[in-house]
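Right, one structure below, let's go through it.
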Amino acid sequence: MITVEEAEKIILARLRDYGTEKVPFEQSLGRVLAEDIKADRDLPPFNRVTMDGIAISFKAIANDISTFRIKATQAAGEEPLSVSGHEECIEIMTGAALSPALDTVIRYEDLTIKDKMATIAIRDIKKGQNVHTQGSDKKSGDIVAAANQLITPAIISLAASLGKTELLVKTNPRIAIISSGDELVDVADKPTAYQIRRSNNYTINAVLNKHGLQADMHHIPDEPQITRKQIDHCLHNYDVILLSGGISMGKFDYIPKALDDLQVVKLFHKVKQRPGKPFWFGSHANGTLVFAFPGNPVATFMCLHRYFLTWFRQTMGLPPAKPVYAVLSNDFSFQPDLDYFLQVKLNFTEQGSLTASPVEGNGSGDFANLADTDAFIALPAHKAEFKKGEVCSVLKF
Ligand SMILES: Nc1nc2c(c(=O)[nH]1)N[C@H]1C(S)=C(S)[C@@H](COP(=O)(O)OP(=O)(O)OC[C@H]3O[C@@H](n4cnc5c(N)ncnc54)[C@H](O)[C@@H]3O)O[C@H]1N2
Ligand code: MOO
Ligand SMILES: [Mg+2]
């Protein structure tokens, strides 16, 4: 049996390039940016007034002028208005473009205005105050968002401001989720006393959606011919297949045999970990990758996060997720010589540190426990006793 690190290495040796495509910028949230976004002009593009008030030339202050004749009023979006001399000002609104003849803005709160004359009521005036200077954020041609990062609301905002109606993004892999098992009925169906509703496929789909991915869902019964036929169909129509269930030692676990018959090369089967020991991974000659997760819901969930999402980030050119660490909030012991992914509830303390409280539940079939936790911590195989206060690596979900 291989270790978690060995399994990860095998998976990360199978990165793929699915190319790029253009999408409307407002539909690009969560996708991976495949181009550098550059400023099409200076940001801000003009000297932008940041307070409602009057615009003056600072030379007037240097010459002890404190009362100004209001020559005109300029709203945001209007062509800049100038003055004929230092004793004149323009009444001006936030967002307006300042004339080159003016450089300083005094807020209404710091003025008295009477008979078209504005008098400054404060002493300390700084040249350039209340002006957001042209090009002070970015210069025309500067990169404002570099390729190979997730598109966030802030990047959507930049694309909008820069007139990028379309963005070049990485094309996502086509993904099939296949659940398996005769004991599983669909959500809308009524299970018998000895059946359950299928949920893993919906969990996987929800995690994928959270990461900007779409997938098709399929279900196969525990029947060898149908198993083979459905997987064969998916191998030829998808880039990645995420299976759950049917890969252990049961009499009706037909999936490893079907994958073998369909020439999917097994790269490993079984990892020294709990949950998820029976995890199977392989690759077809046409490039399709098969992640066959153990059916127990927590095992599927953990393997999806630990292996598939790690592969996905790197395949899409994203930097590896920054490691997160938390302090164990109580003693915990785990004897088997396996890496243990323990479910925890994370908390930020008043001292500013992150703590992890184990919520063990009833093993990898206890999916209700997932709702009470927000991460796994990785407890290494070579150790059995973990003490309160120890720092552990966190796999957040
Ligand atoms: N003799 C052995 N038996 C088992 C071993 C072992 O090493 N030796 N490993 C156990 C472990 S660990 C796991 S995990 C499971 C993995 O089994 P399979 O991948 O074959 O999964 P199934 O048998 O099909 O199902 C296991 C369990 O999960 C439920 N399940 C499956 N799919 C779904 C779904 N889509 N939604 C909700 N629940 C699902 C299923 O009903 C079973 O209860 O094998 C152990 N056995
Ligand atoms: O991998 Mo199994 O998930 O330990 O139950
Ligand atoms: Mg089984």
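Since we're looking at a predicted model, the values are computed, not measured. Read the numbers this way: they start at 1 and go in the same order the structure lists the ligands and their atoms. Residue numbers count from 1 along this sequence.
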Identify, by atom number and element, the atoms of ligand 2 in contact range of [X], meaning under 4.0 Å from any of its heavy atoms.
| X | answer |
| --- | --- |
| Lys277 | 1 (O) |
| Ala299 | 1 (O), 3 (O) |
| Gly276 | 1 (O), 2 (Mo), 3 (O), 4 (O) |

>> I want to check something: taking the side chain as every heavy atom from C-beta on, are Asn369 and Asn362 in contact at a cut-off of under 4.5 Å?
In response: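 No; the side chains remain at least 4.5 Å from each other.
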
> Just how far is it from atom CG of Asn148 to atom CG of Leu33, taken to the nearest 0.5 Å?
Replying inline: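 It comes to 8.0 Å.
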
Ligand 1 and [X], any nitrogen or oxygen pair closer than 3.5 angstrom?
| X | value |
| --- | --- |
| Gly295 | yes |
| Glu183 | yes |
| Pro278 | no |
| Ser248 | yes |

Quick check on contacts: which atoms of ligand 1 are under 4.0 angstrom from a heavy atom of [X]?
| X | value |
| --- | --- |
| Arg198 | 35 (N), 36 (N) |
| Pro294 | 14 (S), 16 (C), 19 (O) |
| Asp253 | 20 (O), 23 (O) |

>> Does the residue Gly246 have a heavy-atom contact with ligand 1, meaning some pair of atoms that are separated by less than 4.0 Å?
In response: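 Flag set, Gly246 near ligand 1.
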
Check the surroundings of atom [atom1] in [X]: do more than 12 heavy atoms from other residues, nucleotides or ligands lie under 6.0 Å from it?
| X | atom1 | value |
| --- | --- | --- |
| Glu109 | CD | yes |
| Lys59 | NZ | no |
| Phe252 | CZ | no |
| Phe367 | CZ | no |
| Lys71 | NZ | yes |

Mind checking whether [X] contacts ligand 1 via backbone (N, CA, C, O), side chain (CB onward), both or neither, at a 4.0 Å heavy-atom cut-off?
| X | answer |
| --- | --- |
| Ser179 | side chain |
| Ile196 | side chain |
| Asn200 | both |

> Of Phe279, Phe291, Phe281, which is the lone residue that meets ring pair (Phe, Tyr, Trp, His ring centres under 6.0 Å) with Tyr307?
Replying inline: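 The residue from Phe279, Phe291, Phe281 that satisfies ring pair (Phe, Tyr, Trp, His ring centres under 6.0 Å) with Tyr307 turns out to be Phe279.
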
>> Less than 6.0 angstrom separating the ring centers of Tyr238 and His218, yes or no?
In response: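 Yes - the distance between ring centres of Tyr238 and His218 falls below the 6.0 Å cut-off.
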
> Between the candidates Pro297, Cys303, Ser364, Gly295, which shows the shortest non-hydrogen contact distance to atom 2 (Mo) of ligand 2?
Replying inline: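 Looking at heavy atoms only, Ser364 sits closest to atom 2 (Mo) of ligand 2.
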
>> Could you report the tightest heavy-atom contact between Phe341 and Ala378, atom names first, then the distance?
In response: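 Answer, listing the atom of Phe341 first, then Ala378: CE2-CB, 3.9 Å.
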
Starting from [atom], what is the nearest protein heavy atom, named by residue and atom, and what distance separates them?
| atom | value |
| --- | --- |
| atom 7 (O) of ligand 1 | Lys277 CE, 4.1 Å |
| atom 8 (N) of ligand 1 | Met249 SD, 3.6 Å |
| atom 43 (O) of ligand 1 | Asn296 OD1, 4.2 Å |
| atom 4 (O) of ligand 2 | Pro275 CA, 3.6 Å |
| atom 37 (C) of ligand 1 | Ser199 OG, 3.4 Å |

>> With a 3.5 Å distance limit and no angle check, can you tell me whether Asp36 reaches the backbone of Ala147 through a side-chain donor-acceptor pair?
In response: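 Present.
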
>> Does any N or O of ligand 2 fall below 3.5 Å from an N or O anywhere on Arg274, backbone included?
In response: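 Such a contact does not occur with ligand 2.
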
>> Between ligand 2 and Pro278, is the shortest N or O to N or O distance under 3.5 Å?
In response: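 In fact, backbone or side chain, Pro278 has no N or O that close.
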
>> Check this for me: does any side-chain nitrogen of one of Asp372 and Lys345 sit under 4.0 Å from a carboxylate oxygen of the other?
In response: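 Salt bridge: no.
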
> Is it true that Asp239 and Arg16 have a side-chain N and a carboxylate O under 4.0 angstrom from each other?
Replying inline: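 Salt bridge between Asp239 and Arg16, a charged N being under 4.0 Å from a carboxylate O: no.
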
